[in-house]
Amino acid sequence: METNRRGLFNKKWIVAFLVYVGLVALCCIALYVVPSVIGMFERTYIAEHGKIDVADEVSGFIVRDERVYVAGQKSHIDRRVESGTLVKAGTKVVELTPKDPEEPDEEEEAEAAEKTADSKDKTGTSKDKTADSKDKTGTSKDKTADDSKKDDKTASDKKDEKKSEKADDKKTEESEEEDKTGFLGKYSGIMKDLGDTYSVTESGSTRTAGFVCYNVDGAEARLSTKAIESLNRDDLKDLTGRKTVKTPSKSCGKDYPIYKIVRNKKWYLVYYLSKEEAAKYAAGDIVYIEVNDENVPVTVRDVSEAGKNMRITLTCKTFFDGFLDMRTFDTKVTVESAEGLVLEDGSIVEAPDGKRGVFVVNKLGQHVFTPVKTKADDGTKCVVYSDIYVDEGGNYVETIGTYDEIIAEPSDEDIASLKKGKSDKK
């Protein structure tokens with residue numbers, strides 16, 4: 001009897017032990033296996049420290065203020081200031097020594113010689129063509145005996161002679177017109193574009209302060225900060241694409257451009273972006289342009305519509321090597337740049353109270369909504385504060401930390417839990 005009782009007692013302990021082991025196993029499964037299985041259907045990532053630059057690679061048009069100075073008389077030139085030097089008003093940039101009016105100008109002689117050589121080449125070619133034409137005519141006459149055909153050719157030759165005479169008369173008129181304006185050679189087109197916007201100097205001194213430059217292109221008159229509003233994209237392409245001509249360095253004729261002054265004040269960089277790309281710009285914002293591997297702060301002057309695109313105008317006062325020779329500028333414009341914890345934009349949701357945040361997976365596998373504050377966003381990823389930040393009301397808010405596990409795409413159930421006022425999902 002006693003033996004039976006002991007047997008039953010031992011069986012109860014064994015059963016109790018087995019039940020205990022089973023419960024422990026179930027707890028382990030609930031804590032470790034189930035979350036792992038559920039996690040197989042959820043994509044997560046780890047929040048790590050990084051940097052994001054919100055930037056655009058642009059090709060912009062430079063708009064600045066310049067003044068061209070021309071010689072008041074035929075002169076020998078002695079440059080006193082190197083190109084790129086910043087000078088004050090009244091500085092003698094070049095020494096101009098008047099020349100004898102009858103003394104030939106080196107620039108004129110060189111161009112005249114070049115034109116004569118070109119003319120001879122063209123004349124020689126023309127003579128060859130005339131000789132060939134005569135040979136062909138002679139051959140044709142030998143082969144043709146019809147008098148009526150000869151008469152037709154003679155009439156045709158007379159017509160050609162009249163056309164030739166008219167062309168020669170036109171060239172003579174054009175030549176006389178050039179002579180009226182004086183011999184400006186390769187500078188004639190440039191001076192015509194400048195109109196009356198240049199300054200005449202007989203001493204070689206400048207009346208404006210700025211940087212000295214020894215090349216001109218004729219765009220100086222229109223490509224100015226005052227005219228910025230009236231210049232459209234086609235105007236900017238035309239004006240910034242003109243060929244640059246060096247000013248004479250030894251001698252010059254009357255009204256020859258001898259140097260120009262680039263004003264030492266604000267200049268503009270104008271470029272065009274799609275409306276989507278331009279959405280991150282606002283007038284008054286400080287952005288950065290890359291100059292010689294350095295980021296230079298500039299101000300957004302204006303953001304305006306230009307057809308299907310948007311026109312961005314930046315204003316800057318920084319001058320750099322090579323700037324005086326540029327009309328266009330390829331650079332990287334950084335709108336935002338920040339360091340912090342990098343998150344995917346798709347993992348951020350907004351709670352009913354307006355707070356934006358992410359769901360963090362805790363040690364128990366629960367999804368805990370945690371508010372975040374963005375520093376910079378490139379449209380795909382963003383950088384947020386870590387550990388703690390200050391909200392708009394001046395309150396300290398606990399946020400995510402380094403190596404937190406973030407739900408990449410919160411489920412409908414996660415988002416629904418926010419509407420019910422819950423902060424986690426078991």
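The side-chain heavy atoms of K88 and T91, taken from C-beta on, include a pair separated by under 4.5 Å. Between I62 and T240 there is no side-chain heavy-atom pair separated by less than 4.5 Å. With a 4.5 Å cut-off on side-chain heavy atoms, L236 and V270 count as touching. Two residues are said to be in side-chain contact when any heavy atoms from C-beta on lie closer than 4.5 Å; R301 and I228 meet this criterion. Here the side chains of V298 and I286 are not in contact, with every heavy-atom distance at 4.5 Å or above. A heavy-atom distance below 4.5 Å is not found between the side chains of V390 and Y385.
Using a 4.0 Å cut-off between charged side-chain N and carboxylate O, R233 and D235 make no salt bridge. Checked for salt-bridge contact, E95 and K92 meet the test: a charged N lies under 4.0 Å from a carboxylate O. Classification of E66 and R64 as a salt-bridged pair holds, one side-chain N sitting under 4.0 Å from a carboxylate O. A salt bridge links R327 to D217: one of the charged nitrogens lies within less than 4.0 Å of a carboxylate oxygen.
Within the model, atoms CD1 of I348 and OG1 of T374 stand 4.5 Å from one another, a figure rounded to the nearest 0.5 Å. Going from atom OG1 of T318 over to atom CD1 of I289 covers 7.0 Å, rounded to the nearest 0.5 Å. To the nearest 0.5 angstrom, L341 atom CG is 8.0 Å from D404 atom CG. In this structure, CD1 on I406 lies 11.0 Å from CD on E48, to the nearest 0.5 angstrom. Considering CD1 of I258 and CD1 of I77, their distance stands at 6.0 Å, rounded to 0.5 Å. Note: T328 OG1 to L269 CG = 9.5 Å, rounded to the nearest 0.5 Å.
Checked by atom type, the side-chain pair D330/S59 shows a donor-acceptor distance below 3.5 Å. A side-chain donor-acceptor contact under 3.5 Å links Y281 and D56. A donor atom on one side chain and an acceptor atom on the other are found under 3.5 Å apart for Y45 and S347. Side-chain contact check for T85 and E82: no donor-acceptor pair (N or O, by modelled atom type) lies under 3.5 Å. Using modelled atom types, one finds no donor on one side chain facing an acceptor on the other under 3.5 Å when comparing E413 with S411. Judged purely by distance below 3.5 Å, without hydrogens or angles, the side chains of D65 and T225 pair a donor atom with an acceptor atom. Checked by atom type, the side-chain pair S199/R67 shows a donor-acceptor distance below 3.5 Å. Side-chain atoms of D325 and N215 form a donor-acceptor pair, as typed in the model, at a separation below 3.5 Å.
The environment of OH in Y268 is crowded: more than 12 heavy-atom neighbours from other residues, nucleotides or ligands sit within 6.0 Å. The number of heavy-atom neighbours closer than 6.0 Å to NZ of K375, taken from other residues, nucleotides and ligands shown, is above 12. Applying the 6.0 Å contact sphere to NZ of K381 captures no more than 12 heavy atoms from other residues, nucleotides or ligands. Enclosure of atom CD in E409 is not indicated, since only 12 or fewer non-hydrogen atoms of other residues, nucleotides or ligands lie within 6.0 angstrom. Heavy-atom contacts from other residues, nucleotides or ligands closer than 6.0 Å to NZ of K266 number 12 or fewer. With a 6.0 Å radius and a threshold of 12 heavy atoms from other residues, nucleotides or ligands, D412 has its CG atom at or below the threshold.
Taking the centre and axis of the six-membered ring of F61, the NZ or CZ atom of K237 falls outside the cone set by 45° and 6.0 Å. With Y271 as the aromatic partner, R311 does not meet the cation-pi criteria of under 6.0 angstrom to the ring centre and within 45 degrees of the ring axis.
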Apply ring pair (Phe, Tyr, Trp, His ring centres under 6.0 Å) to the pair F329 and F320, showing each step before the final yes or no.
CA-CA 12 Å; F329 184 36; F320 50 89; 5.3 Å; yes
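Scanning both residues, I407 and T44, for their nearest heavy atoms gives CD1-CG2, 3.7 Å. Minimum interatomic distance between L418 and P352 (heavy atoms only, all atoms of both residues): O-CG, 3.6 Å. The shortest non-hydrogen separation linking K280 to D285 is O-OD2, 4.3 Å. Across I261 and V212, no two heavy atoms sit closer than the pair CD1-CG2, 4.0 Å. Taking every heavy atom of both residues into account, V342 and G50 meet most closely at CG2-CA, 3.6 Å. Between V397 and P371, the shortest heavy-atom contact is CG1-CG, 3.6 Å.
Proximity of a side-chain donor or acceptor of T331 to a complementary backbone N or O of E290 within less than 3.5 Å is detected. For E277 (side chain) and S274 (main-chain N/O), a donor-acceptor pair under 3.5 Å exists by modelled atom type.
Ring planes of Y259 and Y69: parallel class, angle under 30° (limits at 30 and 60°).
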